[in-house]
Amino acid sequence: MKKSATSTHADIGRRLDAVLAAKFADISRSGIKRLIEAGAVKAGGIIVKEAKMKIKAPGSLEIEIPEKKEPDPEGETIPLDIIFEDESIIIINKAPGMAVHPGAGT
């Protein structure tokens, strides 16, 4: 998805990442920094790879946001220590370090 904005005279001298964060409030500043470093940001039609770049003149700003890939977690067959179970609830003695939901690297 492509997002566009225009820098103004008020943006001159400000860092690119700060200007983009103000114009695209739905993207975090760290997310904007990652996009800049990945080459997904253009200022005045030129790819910019430094978040600290200062705006020198009013012009177009574009961000190309890659499509999010939904994780596809796979279950594992793990022996569980079931303490109690009925049709409404299950109580398990979970082993230390066992993940209970998918996360980064799990």
Side-chain angles (χ1 to χ4, degrees):
M1 168 184 12
K2 188 182 283 188
K3 291 189 169 211
S4 300
T6 304
S7 61
T8 65
H9 287 286
D11 297 321
I12 294 174
R14 294 181 61 207
R15 287 175 53 121
L16 176 63
D17 58 346
V19 171
L20 290 172
K23 296 193 181 291
F24 303 109
D26 58 325
I27 308 172
S28 69
R29 191 157 170 184
S30 61
I32 287 172
K33 183 178 179 191
R34 280 191 299 276
L35 290 168
I36 291 170
E37 291 171 350
V41 173
K42 291 182 181 180
I46 299 170
I47 294 174
V48 180
K49 290 195 172 187
E50 289 191 28
K52 66 182 181 181
M53 183 197 91
K54 304 279 183 169
I55 301 291
K56 295 180 179 147
S60 65
L61 302 171
E62 296 177 7
I63 299 178
E64 184 67 40
I65 302 170
E67 294 293 321
K68 287 187 178 181
K69 295 178 184 172
E70 292 296 322
D72 190 18
E74 294 182 22
E76 296 180 49
T77 303
I78 302 171
L80 299 174
D81 181 11
I82 299 173
I83 309 260
F84 175 82
E85 178 180 8
D86 68 14
E87 58 276 342
S88 301
I89 190 169
I90 186 168
I91 299 174
I92 299 172
N93 185 15
K94 184 183 88 59
M98 181 186 291
V100 292
H101 57 81
T106 320

(Q) Taking NZ in K94 as the centre, count heavy atoms belonging to other residues, nucleotides or ligands within less than 6.0 Å. Is the count above 12? (A) yes
**Q.** Shared-cluster residues of I12, by chain and number - hydrophobic side chains joined below 4.5 Å
**A.** none
Q: Would you name the heavy atoms of K54 and G13 that are closest together and state the gap between them?
A: CD-O, 3.2 Å
Q: Quick one: name the residues clustered hydrophobically with I32, using the 4.5 Å side-chain heavy-atom rule over I, L, V, M, F, W, Y, and just say none if it's on its own.
A: L16, V19, L20, F24, I27, L35, I36, V41, V48, M53, I55, L61, I63, I65
**Q.** Same apolar cluster (I L V M F W Y, side chains within < 4.5 Å links), I89/I83
**A.** yes
Q: Return the minimal non-hydrogen interatomic distance between S7 and K23, and the atom names on each side.
A: CA-CE, 4.0 Å
Q: To the nearest 0.5 angstrom, please state how far the OG atom of S4 sits from the NZ atom of K42.
A: 10.0 Å
**Q.** Heavy-atom closest contact (G45 atom, S60 atom, distance)
**A.** N-OG, 4.0 Å
**Q.** Residue E50 excluded, over 12 heavy atoms near CD under 6.0 Å
**A.** no
(Q) Nearest 0.5 Å, please: how far is CD in E62 from NZ in K3? (A) 13.5 Å
Q | Nearest-0.5 Å distance, CD1 of residue I91 to CG of residue L80 | A | 13.5 Å
(Q) So for atom NZ, which belongs to K33, do other residues, nucleotides or ligands contribute more than 12 heavy atoms lying within a distance under 6.0 Å? (A) no
